[in-house]
Amino acid sequence: MPRFQRPTGTMDILPEDQPYWEYVRSLAVRLARQAGFERIDVPIFETTDLFARGIGTATDVVEKEMYTFEDKGGESLTLRPEFTAGVVRAYIEHGMHVRPQPVKLYSLGPVFRYDRPQAGRYRQFHQFNLEILGTQDPAADLEVMVLIWDLYAGLGFRDLSFQLNSTGCPRCRPGYVEVLRAYYRQHLDEVCDDCRRRFQTSPLRLLDCKAELCQPVIAAAPPIGDHLCGECADHFAELRAYLDLLGRPYTLNHRLVRGLDYYTKTVFEVWAAGIGAQAAVCGGGRYDGLAEALGGPPTPGVGVAAGIERIVLVMKAQEIEVPSLPAPSVFLAYLGRKGRREAVRLADCLRRAGVGVWQAFDERGLKSQMREANRRGVRYAVILGEDELAREMATVRDMEAGDQTEVPLGELTAWFQARTIL
RNA sequence: GUGGGUGUGGCCUAAUGGUUAAGGCACCUGGUUGUGGCCCAGGAGAUUGUGGGUUCGAAUCCCACCACUCACCCCA
């Protein structure tokens, strides 16, 4: 038999890691709900064309990172590489434009990108996603930014940096791209090979290059902020005024660009230190043209996606404590056939009454069962032996105090209900 | 897609070309009738990532592949 392994770039989230995940998910959901976001679950796979049109055919995500396959009916499907396209598709498909606007939706789940794994990067990873559809108010941009920021703050993150930029709209961006290209044309011999390629394929990303060589050229490049149209400039100014109003710190980063075509106006990322080269714990922005590009009514939108794996990495790097998950506080040990029958009956009875129970299995010595009770970390061990059962009693041992007492079988449920939560 | 590092029981590690691959953690069983943590004894658990090659002899040297890992690219 071959020995199976998980596919490259995937991971098993083992029981010992679940407290981190549960903590992140529950806080994220609580914050979303309290800001009026409602949950939406969209399919894990969609028609391939949805992503191609939504994200952009020339993007890396679509060009080389999608898990695309043909189903038995010959249809081309793709495992979602992100949430936004699917959520906007659902908005259009279910006519959500007739609901009170804006529509605020959150999602949580796995997404897939065929990429080379490294620290903080996986082929299957999980995102917490927020979208506000149906308003172009900069206050909506603010709301997703603040919510995600509060998520990190609530988790106890330190040393975050909030990067903000505006990449304009279809009216002003092309003009800026021409200015940028004109500038770079003069400096092509001073930049790296990658940048000479970017000059052709994705000029905005020239600003994002990390090569030492290119830094002086980037520093002197014309910033997009000087080339925004009136509407984009106003929007950006208003958003920044709101951030200042709330006293939310951010770094204006005119080099911040996004790899997905649908973004307009606002773009932002939050960076964390200490988790490797993949420092962005979330990315988001405005996408006013997306709904229309997907065949729906013109609908402005703004959203953010946070990578949960990276959040967990930060929590571990910063040694953030998380509460352990609830577990039974009672262990049922037994001796002999009668004891075993009584344990089976009692486990059922206690659990129905809301008392969490570990039940011993198999025929083992009491010592071994007590050892197990200790390792399970329970507060109480119940011993069902011949002696007690003959008198309709059970021995209840307090594992912390180290003392024990006898309790009538009929009173056990009430006894534990009075003392234990789970 | 490109480059670097690493692969020895579930986990951590030893064995520097020479018997049957050693130890710790964890796991299981005992240490006088039915009692956990500490201690003691014992047990189970490995075709040394896979396949080739060199050699009388390979965990160890060489090649290929695979996986993991870090970085580029890109992104969460």
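Hydrogens, waters and symmetry mates play no part in the numbers below; they use all other heavy atoms, side chains included.
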> Under 3.5 Å, is there a donor-acceptor pair between the side chain of Thr48(A) and the main chain of Ser76(A)?
Replying inline: yes
>> Work out how far the P atom of G34(B) is from that of C38(B), and round it to whole angstrom.
In response: 23 Å
Nucleotide N/O to protein N/O under 3.5 Å, stretch nucleotides 44-49 of chain B:
none

> Near RNA chain B, under 4.0 Å by heavy atom, which residues of residues 361-393 of chain A?
Replying inline: Arg364(A), Leu366(A), Lys367(A), Ser368(A), Met370(A), Arg371(A), Asn374(A), Arg375(A), Ile383(A), Gly385(A), Glu386(A), Asp387(A), Glu388(A)
>> From CG of Asp208(A) over to P of C74(B), roughly how many Å is that when rounded to an integer?
In response: 7 Å
> Do Thr84(A) and Glu131(A) get their side chains close enough for a donor-acceptor pair, meaning under 3.5 Å?
Replying inline: yes
> With a distance cut-off below 6.0 Å to the six-membered ring centre and an angular limit of 45° from the axis, does Arg397(A) pair with Tyr380(A) as a cation-pi contact?
Replying inline: no
> Starting at the 5' end of RNA chain B and moving along, which residue's nearest nucleotide shows up first, Arg198(A) or Arg6(A)?
Replying inline: Arg6(A)
> Donor-acceptor pair under 3.5 Å: do we get one between Arg116(A)'s side chain and the base of C73(B)?
Replying inline: no
>> Expressed as a whole number of angstroms, how long is the span from Asp115(A):CG to C73(B):C1'?
In response: 8 Å
> Under 3.5 Å, side chain of Tyr91(A) to main-chain N/O of Gly296(A), donor-acceptor pair present?
Replying inline: no
> Closer to the 5' end of RNA chain B via nearest nucleotide, is it Arg197(A) or Pro7(A)?
Replying inline: Pro7(A)
> Within the modelled atom types, does a donor on one side and an acceptor on the other bring the side chain of Gln278(A) and the base of C70(B) under 3.5 Å apart?
Replying inline: no
>> Closest approach to the side chain of Arg205(A), judged atom by atom: which nucleotide of G34(B), A76(B), C74(B) is it?
In response: C74(B)
> What is the distance from OH of Tyr122(A) to C1' of A76(B), rounded to the nearest Å?
Replying inline: 11 Å
>> Taking the minimum atom-to-atom distance to the side chain of Thr395(A), which one of U35(B), C70(B), C74(B) wins?
In response: U35(B)
>> For the P atoms, the ones on A58(B) and on U16(B), what distance do you get once it is rounded to whole angstrom?
In response: 15 Å
> In whole Å, what is the span from the CZ atom of Arg113(A) to the P atom of A76(B)?
Replying inline: 5 Å
> What nucleotide, of A67(B), C74(B), A76(B), holds the atom closest to the side chain of Asp60(A)?
Replying inline: C74(B)
> Is the cationic atom of Arg113(A) (NZ for Lys, CZ for Arg) positioned less than 6.0 Å from the six-membered ring centroid of Tyr67(A) and within 45 degrees of its normal?
Replying inline: no
>> Checking Glu388(A) against Thr395(A): is there a side-chain donor and acceptor pair closer than 3.5 Å?
In response: yes
> Looking only at side chains, do Tyr334(A) and Gln369(A) share a donor and an acceptor under 3.5 Å apart?
Replying inline: no
> Given atom CG of Asp17(A) and atom P of C11(B), what is their separation to the nearest angstrom?
Replying inline: 15 Å
>> Taking the six-membered ring of Phe236(A) as reference, does the cationic atom of Lys265(A) (NZ for Lys, CZ for Arg) lie under 6.0 Å from its centre and within 45° of its axis?
In response: no
>> For Watson-Crick and G-U wobble pairs within 3.5 Å on both distances, what is RNA chain B written in dot-bracket notation, | included for inter-strand pairing?
In response: (((((((..((((....[...)))).(((((.......))))).....(((((..]....))))))))))))....
>> What is the distance, to the nearest angstrom, from the CD atom on Gln118(A) to the P atom on A76(B)?
In response: 14 Å
> With respect to the side chain of Thr8(A), which nucleotide from G36(B), C68(B), A71(B) is positioned closest?
Replying inline: C68(B)
>> If I take atom CD in residue Glu65(A) and atom C1' in nucleotide C72(B), what distance separates them, rounded to the nearest angstrom?
In response: 14 Å
> How close or far is atom C1' of A76(B) from atom CD of Glu309(A), stated in whole angstroms?
Replying inline: 8 Å
> Does the side chain of Glu269(A) pick up a donor-acceptor pair with the side chain of Trp271(A) at under 3.5 Å?
Replying inline: yes
